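Right, one structure below, let's go through it.
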There are 2 protein chains.
Amino acid sequence: MSKQDDEERVLTQLAEVVGCCEPLAREPLSAQQSIELARVFKAMGDPVRLRLLSLIASHVGGEACVCDLTDVFDLSGPTISHHLKVLREAGLITGERRGTWVYYRVRPELLATVSAVLVPEKAEEPRCA
Amino acid sequence: MSKQDDEERVLTQLAEVVGCCEPLAREPLSAQQSIELARVFKAMGDPVRLRLLSLIASHVGGEACVCDLTDVFDLSGPTISHHLKVLREAGLITGERRGTWVYYRVRPELLATVSAVLVPEKAEEPRCA
DNA sequence: ATCCTGCTTCGACATACGTCTATCTTGACA
DNA sequence: TGTCAAGATAGACGTATGTCGAAGCAGGAT
């Protein structure tokens, strides 16, 4: 089973279990839903990983090389690599090797799903009273 | 320093540091921003706490008694109390004692702030006054 | 006053997590 | 082929976290 498979599996499960935009305040989450969602939040629950995510998301071209990320932190290479793996396994980013370097990009659809769970109303439709 | 003060402090810091709706993908988060945000995500990074949050948010009247929450889980009272404390200290919920029982309610504005950070577009933009 | 009940705090324990150094893998290039 | 550099993996170590039972606190009821 490849890493790619793992990533896909997590993302599919989340969409499947959480539903497209079922808000957290509408009805109680099931045990299964909370497990899947918590996996993502836990991955974002570290300052270094949040910054990595932000660095990748805001980088030109929507992707960032690991070498760009390592210099920002006062941490060893393996530690950065570890955090990237956690983000990857949570389905938040994908990694692709091109030649010598590995490039990461975010999965905006997962961020959007998670974001939608938090607010009672769906954001995109103009909510006019 | 009361518990209430702690809660307020966290919420104030988050709004202050993160900004109203600065999306994560616009520009890299600062070290300080990532620390504040990660605190909230970490609190949500546990299945039990996510379910608690959801149970409280979706409960009738927007608040739930601890006694309502305890029965849902196969966990001891102290454990539930611990998780509620973590959510409280993250600024996600507030607790109020009324007579014998303690009632919790969510802070929707914090959820909205966090939600807005995740998506590239500002959610409240087409806000009709 | 005394007891009872709902909830929190305390102290202890096993496990998970973040970090490091050392080692391995992969690809480029001579 | 051999070598070098970019990342990933493995193993170790200290700390944080989730859980429990026991004890403490605060309100109501008797």
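Numbers restart at 1 for each chain; the letters A, B, ... are given by sequence-line order, proteins then strands. Given the structure is predicted, the values throughout are model-derived calculations rather than measurements.
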Base, sugar-phosphate, or nothing: which does L75(B) touch, judged by heavy atoms less than 4.0 Å apart? sugar-phosphate
Heavy-atom neighbours of D71(A) CG exceed 12 at 6.0 Å: yes
Residue mapping more 5' on DNA chain D - nearest nucleotide basis, R97(A) or P78(A): R97(A)
Please determine if a side-chain N or O atom of T79(A) lies less than 4.0 Å away from the OP1 or OP2 oxygen of dC20(C). yes
Just the rounded figure in Å: distance from P of dA8(D) to CG of L87(A). 12 Å
If I take atom CD in residue E96(B) and atom P in nucleotide dC7(C), what distance separates them, rounded to the nearest angstrom? 14 Å
Rounded distance in Å - CG (D71(A)) to P (dG7(D)): 10 Å
CG of L84(B) versus P of dG6(C): gap in Å, rounded? 16 Å
Would you indicate which nucleotide in dG18(D), dT8(C), dT19(C) comes nearest to any side-chain atom of D46(B)? dG18(D)
Within the structure shown, what part of the strands sits under 4.0 Å from Y103(B) by heavy-atom distance: base, sugar-phosphate, or nothing? nothing
Taking a hydrophobic cluster as the set of Ile, Leu, Val, Met, Phe, Trp and Tyr residues connected by side-chain heavy atoms closer than 4.5 Å, whether directly or through intermediates, do L69(B) and V86(B) fall within one such cluster? no
OP1, OP2 of dA6(D) versus side-chain N and O of Y104(A): anything below 4.0 Å? no
When all nucleic acid strands are considered with a 4.0 Å heavy-atom cut-off, which category describes S81(B): base, sugar-phosphate, or nothing? base
Kindly give the heavy-atom pair with the smallest separation between L55(A) and P28(B), and that separation in Å. CD2-CB, 3.6 Å
Can you work out whether V66(B) or V86(A) has the more 5'-proximal nearest nucleotide on DNA chain C? V66(B)
Of the nucleotides dT19(D), dG7(D), dC7(C), which one has an atom closest to the side chain of C67(B)? dC7(C)
Take the protein atom CE of M44(B) and the nucleotide atom C1' of dG18(D), then report the distance between them rounded to whole Å. 19 Å
So what does G77(A) hit on the nucleic acid, given a heavy-atom distance under 4.0 Å: a base, only sugar-phosphate, or nothing? nothing
Atom CZ of R39(B) and atom C1' of dA16(D) are separated, to the nearest Å, by 15 Å
To the nearest angstrom, the CG-C1' distance between D68(A) and dA6(D) comes to 12 Å
Atom NZ of K85(A) to atom C1' of dT19(C): distance rounded to whole Å? 15 Å
Do any pairs count as a salt bridge (Lys or Arg N to Asp or Glu O under 4.0 Å) and have a residue in residues 50-63 of chain A, sequence neighbours left out, and if so which ones? E63(A)-R98(A), E63(A)-R105(A)
Indicate, with a heavy-atom threshold strictly under 4.0 Å, whether R98(A) touches base, sugar-phosphate, or nothing. nothing
Indicate, with a heavy-atom threshold strictly under 4.0 Å, whether F73(A) touches base, sugar-phosphate, or nothing. nothing
For dC20(D), does OP1 or OP2 lie under 4.0 Å from any side-chain N or O of S76(B)? yes
Side chain of R88(A) (C-beta onward), nearest among dT9(C), dG7(D), dT9(D): dT9(D)
Would you say H82(A) places a side-chain N or O within less than 4.0 Å of OP1 or OP2 belonging to dC20(C)? no
Is the closest side-chain donor-acceptor distance between R97(B) and Y103(B) under 3.5 Å? no
Does the side chain of K42(A) get closer than 4.0 angstrom to OP1 or OP2 of dA16(C) through an N or O atom? no
When rounded to the nearest 0.5 Å, the distance separating CG of L111(B) from CE of M44(B) is 6.5 Å
